[in-house]
Student: 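Let me begin by handing over the structure; questions about it come next.
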Amino acid sequence: MTKHYRITLLPGDGIGPEITSVAVAVLKRVGQMLNLQFEFQDALIGGAAIDATGNPLPAETLDTCRNSDAVLLAAIGGYKWDSLPNNSRPERGLLGLRAGLGLFANLRPAKILPQLIDASSLKREIVDGVDIMVVRELTGGIYFGQPKGIFATETGEKRGVNTMAYTDSEIDRIGRVAFDIARKRQSRLCSVDKANVLEVSQLWRDRITQLASDYPDVEVSHLYVDNAAMQLVRAPRQFDTIVTGNLFGDILSDAAAMLTGSIGMLPSASLGEANPGVYEPVHGSAPDIAGQDKANPIAQVLSGAMMLRYGLNEPEAADRIEKAVLTVLDQGLRTGDIMSPGMQLVGCQAMGEALLKALEA
Ligand code: NAD
C-alpha cells in the first residue's frame with residue numbers, strides 16, 4: 001500500500017533553491033523505491049517572501065506548513081536584505097515560523113563520518129565513532145524569561161537583567177521528546193544543567209529524574225554544563241543523546257556540531273506538539289556561492305532523512321538516504337567545502353546525481 005505525505009518546501013534564499021531541488025529528487029527516488037508518495041508544496045519565506053509580498057512570513061506560508069505532515073526548510077537571508085530594519089528582515093520569517101508552529105525542541109545531530117574525519121579540529125582517535133544528538137529546549141529559559149531588559153538603578157547605574165525560568169510542564173515536554181529520541185538511538189540520555197548553582201536547574205534535574213521512571217529502558221545520567229563542555233572535547237564518544245535548556249543547548253550544540261568540522265554536512269530538526277516539525281540544514285544561505293553550482297546539498301538531503309526518521313516515522317527510507325551519502329563520499333566525490341587532496345571536486349547538481357545513483361546501487 002502506498003503511503004501519502006504532504007511536505008511543505010521552503011527553499012528560501014541564496015543556495016536554498018539549489019540544495020532543495022537535490023533533496024526533493026532524492027526524496028522522490030527513495031519514495032518510489034519504498035512506496036511512499038510525497039506531495040510537495042512550495043511556499044515563500046525570508047528574502048524571497050519579502051520581495052514577493054513585503055512580509056518575510058506570509059500568512060499563507062504558515063497555513064501551508066500547518067496543513068502538511070512535515071516542513072523542509074533550506075535557509076534564508078542575503079546581502080540584498082541586510083540593510084532592512086531588524087523587525088522586517090528575512091530572519092523574522094524564521095522566528096515567526098518557530099513561534100507559529102510552536103517548535104519547542106531543537107534536534108542537532110553531530111556524527112563523524114569516517115570519510116571526513118580529518119575535517120575535525122580534534123584528533124582522529126578522539127572523534128572516531130562520535131554520534132551525538134543534542135536535544136535543546138527552544139522556546140523557554142533565559143532567552144524568554146521575565147523580567148528582562150536594561151533598567152536604571154537609584155545610583156544612576158544601568159542594570160541588565162535576564163531571567164532563566166522553566167516550569168514543570170516545559171521541562172517534562174522537552175524531556176519526553178529527548179527520551180523518545182534516545183529510544184530511537186542507543187537509549188542513553190545525558191541531561192545537562194547547572195544544578196549545583198541554579199534553582200531552575202535543580203527543578204530541571206528533579207523532573208528529568210522523575211520522568212526517567214517512565215523510560216526504564218533508557219539509561220539516564222546528569223552532568224553540570226561546565227563538565228559537559230569539557231567532556232564534549234575530551235571524550236565525545238561517551239555521549240549518545242543530550243538534553244538541555246535553551247542557553248546551554250545553544251552553546252553545546254554548536255560545539256558538538258563542530259566536532260565534525262563541516263557545516264555543509266549538518267542537518268537539524270525543530271519539533272512541536274500539535275504541528276509538523278521543521279527540518280533544515282544548520283548552515284545559512286551562503287550568498288557568496290549562491291547560483292554557482294558550488295553548494296554542498298548533503299546537509300539538506302540529510303535534513304530530508306531526519307524528516308523521514310523523526311517526522312514521518314519512515315526509518316528505512318532515512319537509512320537508505322544516509323547510506324547513499326556514505327556511498328558517494330566513499331566514491332571520493334566532494335563539493336568545495338569538504339574538498340581534500342586526492343578527491344574529486346563536484347558541483348551541487350553532480351553531487352545530487354551521484355546520490356540518486358547511489359540510492360539504486
Ligand atoms: P552561511 O552558513 O551561509 O555561510 C558560512 C560559510 O559557509 C560561507 O563561506 C558559505 O559559502 C559556506 N557554506 C555554508 N553552507 C554551505 C554549503 N551547503 N555548501 C558549501 N558551502 C557552504 O553563514 P553566513 O555567511 O554567516 O550567513 C549568510 C546568510 O545566511 C546571512 O544572511 C545569515 O543571516 C543567513 N543565515 C541563515 C540561517 C538559516 O536560514 N537558518 C542560518 C545562518 C545564517
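Predicted model, so just to flag it, every value in this text is computed and none were measured. Just follow the structure's listing: the first ligand is 1, and inside any ligand the first atom is 1.
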Student: Which atoms from ligand 1 have a heavy atom of L94 less than 4.0 Å away?
Tutor: 39 (C), 40 (O), 41 (N)
Student: Heavy atom to atom 42 (C) of ligand 1, shortest distance: which of P297, G284, G336, A75 holds it?
Tutor: G284
Student: Taking NZ, NE, NH1 and NH2 as the nitrogens, is one of them in R309 or D319 under 4.0 Å from a carboxylate oxygen of the other?
Tutor: yes
Student: Answer yes or no: is there an ion pair linking E353 with K357, defined by an N-O contact shorter than 4.0 Å?
Tutor: no
Student: Please compare G77, G78, S285, P281 and report which has the shortest non-hydrogen distance to atom 29 (C) of ligand 1.
Tutor: S285
Student: Considering non-hydrogen atoms of the protein only, which is the closest contact for atom 9 (O) of ligand 1, and what is the distance?
Tutor: D288 OD2, 3.0 Å
Student: Is there at least one protein heavy-atom neighbour under 4.0 Å from atom 24 (P) of ligand 1?
Tutor: no
Student: Identify whether the distance between the nearest side-chain nitrogen and carboxylate oxygen of K294 and D337 falls below 4.0 Å.
Tutor: no
Student: Using a 4.0 Å cutoff against the non-hydrogen atoms of A295, which atoms of ligand 1 qualify?
Tutor: 19 (N)
Student: Which option wins on minimum heavy-atom distance to atom 21 (N) of ligand 1: I289, T335, N296?
Tutor: I289
Student: Just to confirm, does any protein heavy atom lie below 4.0 Å from atom 40 (O) of ligand 1?
Tutor: yes
Student: Any chance the side chains of Q202 and R205 put a donor and an acceptor closer than 3.5 Å?
Tutor: no
Student: Determine, considering heavy atoms only, which of I263, I76, L10 sits nearest to atom 35 (C) of ligand 1.
Tutor: I76
Student: Between D128 and R237, is there a salt bridge with N-O shorter than 4.0 Å?
Tutor: no
Student: So that I can tick it off, tell me whether K123 and E125 are bridged by a salt bridge, with the cut-off set at under 4.0 angstrom between side-chain N and carboxylate O.
Tutor: no
Student: Give the C-alpha distance, both sets of side-chain angles, the deciding distance and a yes or no for side-chain contact (heavy atoms from CB on, under 4.5 Å) between E60 and L44.
Tutor: CA-CA 9 Å; E60 203 185 326; L44 290 167; over 6 Å; no
Student: Can you give each donor-acceptor pair under 3.5 Å made by side-chain atoms of residues 65-74, sequence neighbours left out, with the distance rounded to 0.1 Å?
Tutor:
from, atom 1, to, atom 2, distance (Å)
R66, NH2, G100, O, 2.9
N67, ND2, D63, O, 3.1
S68, OG, T8, OG1, 3.0
S68, OG, C65, O, 2.7
S68, OG, A70, O, 3.4
D69, OD2, R6, N, 2.7

Student: Do NZ/NE/NH1/NH2 and the carboxylate oxygens of D51 and K80 come within less than 4.0 Å?
Tutor: yes
Student: With heavy atoms of E91 as the reference, note each atom of ligand 1 found under 4.0 Å away.
Tutor: 34 (O)
Student: Under a 4.5 Å cut-off applied to non-hydrogen side-chain atoms, are F248 and M164 in contact?
Tutor: yes
Student: Could you tell me if any non-hydrogen atom of A299 lies under 4.0 Å from any atom of ligand 1?
Tutor: no
Student: Just to confirm my output: which protein heavy-atom neighbour is closest to atom 4 (O) of ligand 1, and how far is it?
Tutor: A286 CA, 4.3 Å
Student: E280: heavy atom below 4.0 Å from ligand 1, yes or no?
Tutor: yes
Student: Quick one: which ligand 1 atoms are inside 4.0 Å of a heavy atom on I15?
Tutor: 17 (C), 18 (N)
Student: For ligand 1, indicate whether the residue P287 contacts it via side chain, backbone, both or neither (heavy-atom separation under 4.0 Å).
Tutor: side chain
